[in-house]
2 protein chains.
Amino acid sequence: MTSAATRDAVTSGAVLDTALTLFSERGYHGTALSQIAEALEVRTPSLYNHMRSKQELLQTIVERTVRGVMDDFHEATDGHAEPVDRLYHAVLVYARRHATHRREAIVVNRDTSSLEEPFRSQMQTLRREHEHALRSIISDGVDAGRFVIGSPALGSFAIREMCVSIARWYHDDGPITPEQVAREYTEFALNIVGVGRS
Amino acid sequence: MTSAATRDAVTSGAVLDTALTLFSERGYHGTALSQIAEALEVRTPSLYNHMRSKQELLQTIVERTVRGVMDDFHEATDGHAEPVDRLYHAVLVYARRHATHRREAIVVNRDTSSLEEPFRSQMQTLRREHEHALRSIISDGVDAGRFVIGSPALGSFAIREMCVSIARWYHDDGPITPEQVAREYTEFALNIVGVGRS
DNA sequence: GCACATGACTTATGAGCGTTAGCTAGTCCC
DNA sequence: GGGACTAGCTAACGCTCATAAGTCATGTGC
């Protein structure tokens, strides 16, 4: 008879990873703990050896991702002063992340509304920070005469969301690398804000 | 005593509309029929006088929306031959639709995965049609030397998804009209495909 | 003024959900 | 070699869900 300790024990990391995959495919409410358990070849209650609740899984996923985005942003832009450079690097890391962390992006963008308060509000505040940071770059570029765009706010939305949606169509097994996608998208972003036009 | 016939009878249109609102706010799996019933001030089982199942509500919403997108596209582009004109009008109606039909767009883009087969596959096929139609415009424009873009496929994704996401941030009570948003986004789209560059 | 169709209602069913409790069997350390 | 810890298991809970069935009041058309 197979014993608990003989077979590979399920780790909390594995539970989180499986939850991430299933949440991204079927959504938070569309995923049952029994499905996570089944994927790990374990009975449902055994999951509770590695987590506190289903909600906690979602919170962990969202929090890690949102903080990762902010860290990426600061690391990429802190060394640059020119709006063009700042926008370029901000979009480069943001686009790349959505190709390399597809599941996280999908869950955050679809299931944030399933987070319980007050956690949900906290995460939304964090996301707003990134939103404002990107918009500020564009506004600064317009003020400095580097960018030509009717509405910085709309441009900021368009750039952000076109990057976010990379997660929805990108596939690792395709011919194109995350780096290539990211570079092409920086091009799109600079075009949107009208870099290099009179 | 209020009677069934005295008070305003719930119509199947009202059920669909309420479902649309709630699905867009909480997702398909996150919405219970009891919540739809409560919003209509009716007991849950009474809903079955106006629909066949919860799944049918979702299917109706998705099908109408997807067909509407295709109708819009053909009506807008059929009269034009030039890639620039075709892209302009395709993006104009697509962007505008996502400002005027926010709830539908959100549900279709989030909850298509909750559709039962084979309906889900049928709808995905329909959506692919629009995807390919838009990509063809861009490819044609590149072939004709009108557009300058590294990857038509990526450009097509970026344009589509930035339009789709209008539904996620637009608010009717704001200062900007759907028409203004749509026009600004056509500008973005034409910039992305590099119209008017050497 | 009566029959019928309509659309509410109440009540009930069975399935599935997340979660808890309590038990058991291996593994590691002394 | 024995106790603590780990990580499975089964069983059961309370709840909510979608859905079914049958009842009853109403307004419309004959």
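Values below: all heavy atoms of this structure, side chains included; hydrogens, waters and symmetry mates excluded. Labels below follow one simple rule: chain letters A, B, ... track the order of the sequence lines, proteins then strands, and each chain is numbered from 1. This structure is a prediction, so every number in the text was calculated from the model and none was measured.
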Closest to the 5' end of DNA chain D, once A/Pro45 and B/Pro45 are matched to their nearest nucleotides, is A/Pro45
Can you see which heavy atom on B/Asp111 is nearest to which on B/Leu58, and at what distance?
-> O-CD2, 3.8 Å
Please report the closest heavy-atom contact between B/Tyr48 and B/Ser53, naming both atoms and the distance.
-> CE2-CA, 4.4 Å
[X] [atom1] to [N] [atom2], straight-line distance once rounded to whole Å:
| X | N | atom1 | atom2 | value |
| --- | --- | --- | --- | --- |
| A/Glu116 | C/dG18 | CD | C1' | 12 Å |
| A/Arg26 | C/dC17 | CZ | C1' | 15 Å |
| A/Arg52 | C/dG18 | CZ | C1' | 16 Å |
| A/Leu40 | D/dA7 | CG | P | 14 Å |
| A/Leu47 | C/dT20 | CG | P | 13 Å |
| B/His29 | D/dC17 | NE2 | C1' | 12 Å |
| B/Gln55 | D/dA18 | CD | P | 12 Å |
| B/Leu57 | D/dA18 | CG | C1' | 12 Å |

Just compare [options] and give me whichever is closest to any side-chain atom of [X].
| X | options | value |
| --- | --- | --- |
| B/Val42 | C/dA8, D/dA20, C/dG18 | C/dA8 |
| B/Thr44 | D/dG8, D/dT19, C/dC9 | D/dT19 |
| A/Lys54 | D/dA21, D/dG8, C/dT19 | C/dT19 |
| B/Leu33 | C/dC17, C/dT20, D/dA18 | D/dA18 |
| B/Tyr48 | D/dT19, D/dC9, C/dC17 | D/dT19 |
| B/Ser46 | D/dT19, C/dT20, C/dC9 | C/dC9 |

Is the phosphate of [N] approached by [X] (side-chain N or O, under 4.0 Å from OP1 or OP2)?
| X | N | value |
| --- | --- | --- |
| A/His50 | D/dG8 | yes |
| B/Asn49 | C/dA8 | yes |
| B/Arg43 | C/dA8 | no |
| A/Ser34 | C/dG16 | no |

Answer with base, sugar-phosphate or nothing: what part of the nucleic acid does A/Thr11 contact at a heavy-atom distance below 4.0 Å?
-> nothing
Just call it for B/Thr31: base, sugar-phosphate, or nothing, with non-hydrogen atoms closer than 4.0 Å on any strand.
-> sugar-phosphate
Are A/Leu190 and A/Val142 linked, directly or through other ILVMFWY residues, by side chains that come within less than 4.5 angstrom of each other?
->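 Hydrophobic grouping puts A/Leu190 with A/Val142.
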Look only at the side chain of B/Arg102 and the backbone of B/Ala167, and say whether a donor-acceptor pair between them is shorter than 3.5 Å.
-> yes
Salt-bridge contact A/Asp17-A/Arg103 (side-chain N to carboxylate O under 4.0 Å) |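 Salt bridge: yes.
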Would you check if A/His130 and A/Arg160 make a side-chain contact, meaning some heavy-atom pair closer than 4.5 Å?
->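 Yes, at least one pair of side-chain atoms sits under 4.5 Å.
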